[in-house]
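Input: a single structure, listed below in structure tokens.
Chain A is the first sequence line, chain B the second, and so forth, proteins listed ahead of strands; every chain is numbered from 1.
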Amino acid sequence: MDVSYLRQQSGVAAMTVIIGFEGSANKIGIGIIRDGEVLSNPRRTYITPPGQGFMPSDTARHHRAVILTVLKEALEEAGLKPADIDGVAYTKGPGMGAPLVTVALVARTVAQLWGKPLLGVNHCVGHIEMGRLITKANNPTVLYVSGGNTQVIAYSERRYRIFGETIDIAVGNCLDRFARVIKVKSKISNDPSPGYNIEQMAKKGTQYVELPYTVKGMDVSFSGILSYIEEAAHKMLSSDQCTAEDLCFSLQETVFSMLVEITERAMAHCGSQEVLIVGGVGCNLRLQEMMGVMCKERGAKLFATDERFCIDNGAMIAQAGWEMFRSGQVTKLEDSWITQRYRTDEVEVTWRD
Amino acid sequence: MAAVDAETNHETGKLEFSLDVPFPSPREALIALRSLSPDREPRKGGISKELSVSDSTLSVRWSADEARILRVSVNSFLDHLSLVVETMEMFDSSASQ
């Protein structure tokens with residue numbers, strides 16, 4: 001058994017190095033963290049042609065083709081050998097099955113080759129812990145927004161509790177799918193992401209097109225807005241009633257207002273004075289700006305990160321794995337199966353008071 | 001169809017398929033077994049897969065209701081197997097020392 005692992009077990013303070021593998025959607029990332037310091041965090045994105053989403057089997061094929069190169073990069077950039085690593089963290093779920101399996105296979109294999117314990121991480125918890133590490137937010141209300149997830153989360157008694165969430169599709173999925181249907185001169189590119197390109201187009205929008213506003217208590221719904229704007233887009237663009245830029249602007253203003261509203265309600269409920277935005281949509285500057293206005297009005301602080309850590313990456317899985325490892329939570333090989341559904345509140349947060 | 005019938009186990013009426021994968025040593029065969037075993041088949045029924053190791057050989061035995069389901073499972077297993085083997089070739093620190 002590895003020496004540094006035994007040192008940890010005996011309770012003597014030592015630096016802990018964790019490698020994290022992430023590949024639950026169209027990014028494959030491997031990051032190495034040593035006690036809060038990101039040593040390396042290379043990533044590749046599977047970018048599909050304009051107008052197309054990413055399918056599980058194609059995405060898994062992409063990840064298989066590059067994962068070992070990314071692993072080599074992660075070790076070389078960190079300047080580490082396998083013997084320097086204390087634990088191997090990987091995304092157990094939630095996410096797309098085939099890409100998750102691909103990444104788990106490599107994590108399991110290197111964990112055995114190097115004789116290190118495995119750490120099965122909940123992807124959402126990875127985002128939260130990375131956000132806390134980078135921003136130093138202490139006990140924030142978390143808005144987790146991405147292509148697959150939309151949740152308002154607050155910590156209480158060893159769980160990240162979900163206060164509000166989408167009842168149908170994720171906000172990022174709504175933006176991605178809107179990008180696929182609107183055609184201006186050409187379709188919106190998926191490079192670097194459809195959401196980023198919508199954000200740039202929205203800056204040139206001048207006219208607000210009214211859309212359904214669908215907050216249901218603490219929850220939100222986006223599928224109706226998507227259907228509505230898809231139909232409106234065909235009609236209004238062909239008759240020059242508005243521009244594609246106007247629609248991008250209107251969609252962002254509407255869905256982000258909804259997210260700010262439920263975040264504010266969760267803060268009021270918890271008496272929280274901090275907001276942390278995580279997930280891929282979290283690097284949208286307009287969302288950060290709108291959330292910032294609400295925080296200022298309440299005398300609260302807003303925390304957000306940039307695309308390196310907001311968007312899926314390996315370091316976030318390493319960071320959550322680091323917390324699990326330090327609190328003695330490891331995953332046995334036979335329990336290391338991946339799961340497409342894995343709620344944030346299923347994880348016992350053994351590393352917080 | 002004749003070939004498929006030939007592979008059918010007459011007692012259970014199921015299609016069976018078996019695969020033997022040789023490894024350099026029992027250590028690699030066991031690592032592959034433990035890496036490939038944890039995930040369940042994605043579909044609920046119609047197929048089962050048993051993995052075992054004897055010496056340096058990893059053996060897999062499938063039993064399926066339909067050829068179509070069997071093909072999907074065998075295909076994805078072979079993709080997974082090649083990834084595990086490639087990982088071992090590139091990152092076995094004990095072998096390179």
Q) With only heavy atoms counted, which part of B:Leu30 is less than 4.5 Å from chain A, the side chain, the backbone, both or neither? A) backbone
Q. Side chain, backbone, both or neither: which part of A:Leu100 has a non-hydrogen atom closer than 4.5 Å to chain B?
A. neither
Q) Does B:Asp55 have any side chain to side chain donor-acceptor pair (under 3.5 Å) partners at least two apart in sequence or in another chain, and if so, which? A) none
Q | From CE (B:Met90) to CG (A:Leu113), nearest 0.5 Å | A | 12.0 Å
Between chain B and chain A: donor-acceptor pairs at under 3.5 Å:
{"residue": "B:Ile31", "atom": "O", "partner": "A:Gln112", "partner atom": "NE2", "Å": "3.1"}
{"residue": "B:Ser35", "atom": "O", "partner": "A:Arg108", "partner atom": "NH1", "Å": "2.9"}
{"residue": "B:Ser35", "atom": "OG", "partner": "A:Thr109", "partner atom": "N", "Å": "3.4"}
{"residue": "B:Ser35", "atom": "OG", "partner": "A:Thr109", "partner atom": "OG1", "Å": "2.9"}
{"residue": "B:Ser35", "atom": "OG", "partner": "A:Gln112", "partner atom": "NE2", "Å": "3.0"}
{"residue": "B:Asp39", "atom": "OD1", "partner": "A:Arg108", "partner atom": "NH2", "Å": "3.2"}
{"residue": "B:Asp39", "atom": "OD1", "partner": "A:Ile338", "partner atom": "N", "Å": "2.8"}
{"residue": "B:Asp39", "atom": "OD2", "partner": "A:Arg108", "partner atom": "NH1", "Å": "3.0"}
{"residue": "B:Asp39", "atom": "OD2", "partner": "A:Arg108", "partner atom": "NH2", "Å": "3.0"}
{"residue": "B:Asp79", "atom": "OD2", "partner": "A:Arg64", "partner atom": "NH2", "Å": "3.3"}
{"residue": "B:Phe91", "atom": "O", "partner": "A:Trp114", "partner atom": "NE1", "Å": "2.8"}

